[in-house]
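Okay, so here's the structure we're looking at.
Computation of the quantities below employed the complete heavy-atom set of this structure, encompassing side-chain atoms and omitting hydrogens, waters and symmetry-equivalent molecules.
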Amino acid sequence: MRITNKIMQRNNLSNINTNKMYQDRLSTQMSSQKKINRPSDDPVVAIRALRLRSNVTEITQYYTKNIPDAESWLKVTEDAISNLSQIMTNMIARCNRGVNSELTTANRQIILEEMTNLSKEVYATGDADYAGRYVFTGYRTDTSLSFLQAKTQNYTITEQLDKNAIDSVTKVETNKLLDINSTNYKDADMQVNEDDISTVDVHRIRLAYNDCSEKGMPKIEFTAPDGTKKVWQGNDITLMHSYDKNPNPYVFASENENSIVYIPETGELLLGEKKYGELMATKDSEATASVNEGEIRVTYDKSNWKKGDLRPEHYFYCQADREDGSGDRITYNENYLENGAEKQFIEYDIGFNQTLRINSTADECFQHGIGREVDDLVNAMQDVLDLEGAKADIEGIMKKTTDKTELENLQKQLDAAEKALTLAKKKEQDMFQHGISTFQKYQDEANLCVTNCGSRSSKLELVQNRTQNQKTTYETLKSENEDIDITEVAIQLNAAELTYNAALMASGKVMQTSLLNFI
């Protein structure tokens, strides 16, 4: 094959262009510090880069957003529950003081005020939020745990209880002792003596709320041991009030074995002995795991809500009137009646295929029983204060009276007041003694929640450390796959420039020679 000058020129120009393209590629790598600028440069590197970038982006989301967010949520939750535990400790201390039979009236008033304030603080703590989201309300993070202001809105609430919810309450029957004053102590119907003072014990179901509505009477549903469904409502239940005296609702329930007495002010259902026996006979069958035959459902209405009352939609199946006045109702937790209360766990993705629960729900720590127990203690102590006041009033009247007959009658009234006061103090001591164990139980539950938060935080810390290492590893792999070795590319670029310049010089000499030079 004959090689002409023209062929040599074309070959030289082609090689020079190839060298120039190589130099351009190295120059581009130096300026961008990347091995490739388009997928076609190196498909293998491009595919690997996409995967590694995806991994780096995902793990960066975990490390810089999800994990710190979960850590903050857990910290807010743990602080709130720790505060609850401290409140329970303070309540136990007040109960220990309340057990003392030598308390003065001033001491009782102080304890009364302290217990009331501590009870309010419990549910205020439950309204803790993180970044505008309430942390104890499950999926309803936009709704506070308690009512933040007084409100009138009718709720129909269904509590799902069992026979463990039935307890006993002691009531001191004072007759008209508390109504005696300086103007009526002589009246015949005010002549109270020791025989008129007594105590009654009655079984009760203490509802989650007091100050319930008396318009909608409660309904009690349960399953008898023979499997039949029973419903008590309407005429089966007697509406009475805490201020009724003839008859007293507690005395009425204790004397009528088939009675069910509803006291809306205190949120109590008092049970006669036979009704109590029927409810205590309920038993869950092991043969039907999906059905709870031992469940006792109590449905009732409540319309007037005070600031600090727990919102029922976080705890029960309930229906509420819409606030727009349309007459429609909102239904909450409808599946509770069939499947029981569902746990509304909020979980964060904190790693590859790894989640962590970050929330604690209200029913685990902020329970209605705390406030209701305080209500009982406050009422018991208030009864003692009222009787101390009645006794002091009678003693004051006696000091101003000289009539012998009146003094004898007043002495009987004073003896009755002292007996009632002794019984009331005994009840107060028993209830405060019971309060110690009750609040200890709630404190144990709060401590368990704190422990659970702590274990989740420990797990999160381990994941965070591992994620940090993974982030470093993936970023290193990504850099090794995409980024150039600057030193190596600089050497290659310098060599390419020398090669290019040499090629130009050689081509210049070839271009100068043609066939005419030999003619």
| said: Has Arg108 got a side-chain atom pairing as donor or acceptor with Gly98's backbone, closer than 3.5 angstrom? | reply: no

Review point. Can you tell me if Gln429 uses its side chain to pair, donor with acceptor, with the backbone of Val99 under 3.5 Å?
Key: yes

Review point. Is any side-chain N of the basic residue among Lys151 and Asp309 closer than 4.0 Å to the acidic one's carboxylate O?
Key: no

### Query
Tyr317 and Tyr332: ring-ring contact (aromatic ring centres under 6.0 Å, His included), yes or no, with the steps?
CA-CA 6 Å; Tyr317 164 79; Tyr332 297 100; 9.5 Å; no

Does NZ in Lys307 sit with more than 12 non-hydrogen atoms of other residues, nucleotides or ligands closer than 6.0 Å? no

Q.
Any salt bridge linking Arg357 with Glu347? Criterion: basic side-chain nitrogen under 4.0 Å from a carboxylate oxygen.
A. no

query: Do Thr499 and Asn19 get their side chains close enough for a donor-acceptor pair, meaning under 3.5 Å?
result: no

So the ring-ring contact (aromatic ring centres under 6.0 Å, His included) pairs with at least one residue in residues 140-166 (sequence neighbours excluded) are Phe147-Trp305, Tyr155-Trp305

Contacts satisfying salt bridge (Lys or Arg N to Asp or Glu O under 4.0 Å) that involve residues 79-99 (not counting sequence neighbours) are Lys75-Asp79, Arg94-Glu114, Arg97-Glu114

Closest non-hydrogen atoms of Leu269 and Pro218, given as atom of the first, atom of the second and distance, are CD2-CG, 4.1 Å

Distance col, row Lys478:NZ vs Leu52:CG, nearest 0.5 angstrom, shows 8.5 Å

Correct closest heavy-atom pair for Phe366 and Val122 would be CE2-O, 3.3 Å

Does Glu334 offer a backbone N or O that forms a donor-acceptor pair with the side chain of Thr331 under 3.5 Å?
no

Distance col, row Arg311:CZ vs Tyr123:OH, nearest 0.5 angstrom, shows 15.5 Å

Review point. Any side-chain heavy-atom pair from Lys471 and Val56 closer than 4.5 angstrom?
Key: no

Applying side chain to side chain contact (heavy atoms under 4.5 Å, CB included) to Thr152 and not counting sequence neighbours gives Asn304

Between the side chain of Ser27 and the main-chain N/O of Gln23, is any donor-acceptor distance below 3.5 Å?
no

Examine the side chains of Gln61 and Glu58 and answer whether a donor and an acceptor come within less than 3.5 Å of each other.
no

Checking Ile67, Asn66, Asn465, Ile358 against Leu460 for side-chain contact (heavy atoms from CB on, under 4.5 Å), the one that qualifies is Ile67

Answer yes if the side chains of Thr104 and Asn107 hold a donor-acceptor pair under 3.5 Å, and no otherwise.
yes

Apply the test ring-ring contact (aromatic ring centres under 6.0 Å, His included) to residues Tyr62 and Phe352: give CA-CA distance (whole Å), side-chain angles for both, the deciding distance (0.1 Å), then the verdict.
CA-CA 9 Å; Tyr62 296 144; Phe352 295 111; 5.7 Å; yes

query = Just checking, any donor-acceptor pair under 3.5 angstrom between side chains of Thr282 and Lys163?
reply = no

Side-chain (Ser54) to main-chain (Leu50) donor-acceptor, under 3.5 angstrom:
no

- Task: Take Glu295 and Arg297 through the test salt bridge (Lys or Arg N to Asp or Glu O under 4.0 Å) and record every step on the way to the result.
- Result: CA-CA 6 Å; Glu295 182 179 82; Arg297 293 183 182 176; 2.5 Å; yes

request  = Report yes if some heavy atom in the side chain of Ile92 is under 4.5 Å from a heavy atom in the side chain of Gln440; otherwise report no.
outcome  = yes

Between the CG atom in Asn100 and the SG atom in Cys95, the distance rounded to the nearest 0.5 Å is 13.0 Å

> Below 4.5 Å, heavy atoms only, C-beta onward: do Pro264 and Asp211 meet side chain to side chain?
Replying inline: no

Margin query: Measuring centre to centre across the rings, with the benzene-like ring taken for any Trp, is Phe316 within less than 6.0 Å of Tyr336?
Written below: no

Practice task
Indicate yes or no: does Arg206 engage Asp376 in a salt bridge with an N to O separation below 4.0 Å.
Solution key: yes

Query - Heavy-atom neighbours of Arg322 CZ exceed 12 at 6.0 Å - result: yes

Between the CG atom in Leu385 and the CG atom in Leu112, the distance rounded to the nearest 0.5 Å is 6.5 Å

*asked:* For Ala208, is there any backbone N or O sitting under 3.5 Å from a side-chain donor or acceptor partner on Glu159?
replied: yes

Using atom types as modelled and distance alone, determine if a side-chain donor or acceptor of Ser14 lies under 3.5 Å from a backbone N or O of Arg10.
no

In terms of side-chain heavy atoms, does Gln233 have a donor or acceptor partner in Glu221 at a distance below 3.5 Å? no

If you draw a 6.0 Å radius around NZ in Lys120, do more than 12 non-hydrogen atoms from other residues or ligands fall strictly inside? no

d(Asp363 CG, Leu310 CG) to nearest 0.5 Å is 11.5 Å

Rounded to the nearest 0.5 angstrom, the CD-CG distance for Glu364 and Leu448 is 8.0 Å

message: Under a plain distance cut-off of 3.5 Å, with no hydrogens placed, do Asn210 and Thr266 share a side-chain donor-acceptor pair?
response: no

Is atom CD of Glu265 surrounded by more than 12 heavy atoms (other residues, nucleotides or ligands) closer than 6.0 Å?
-> yes

Exercise. Report yes if some heavy atom in the side chain of Met88 is under 4.5 Å from a heavy atom in the side chain of Leu84; otherwise report no.
Key: yes

Will you find, in the side chains of Asn333 and Tyr315, an N or O donor that is under 3.5 Å from an N or O acceptor? no

Note: Ile87 and Leu118 closest approach over all heavy atoms is CG2-O, 3.8 Å

Self-check item: Atom CE of Met21: over 12 foreign heavy atoms under 6.0 Å
Solution: no

Between the side chains of Gln354 and Arg466, is a donor N or O closer than 3.5 angstrom to an acceptor N or O? yes

Can you tell if the side chain of Glu445 reaches within under 4.5 Å of the side chain of Gln367, non-hydrogen atoms only? yes

With no hydrogens and no angle check, is any side-chain donor or acceptor of Asn481 less than 3.5 Å from a backbone partner on Leu477?
no

_For Asp349 and Thr355, which I'm curious about, is there any donor-acceptor pair between the side chains at under 3.5 Å?_
no

Say whether, by atom type as modelled, one donor and one acceptor occur between the side chain of Ser479 and the main chain of Glu475 under 3.5 angstrom.
no

Asn154 and Ser303 side chains, donor-acceptor separation under 3.5 Å
yes

Worksheet item: Does a donor on one side chain and an acceptor on the other come within less than 3.5 Å for His203 and Ser168?
Response: yes

* To do: Verify salt bridge (Lys or Arg N to Asp or Glu O under 4.0 Å) between Asp301 and Lys215, making sure each step is shown before the conclusion.
  => CA-CA 8 Å; Asp301 287 353; Lys215 293 181 180 179; over 6 Å; no

Between His434 and Phe439, is the ring centre distance below 6.0 Å? no

- Is the shortest side-chain N to carboxylate O distance from Lys441 to Asp444 below 4.0 Å? no

With a 4.0 Å cut-off on N to O distance, would you call Arg133 and Asp142 a salt bridge?
no

Residues Cys318 and Ile157: closest non-hydrogen pair is CB-CA, 4.0 Å

From the list Gln319, Arg329, Lys219, Lys302, side chain to side chain donor-acceptor pair (under 3.5 Å) with Thr156 holds only for Arg329

message: Under a 3.5 Å distance rule, please check whether Asn359 uses its side chain to pair with a backbone N or O of Gln344 as donor and acceptor.
response: yes

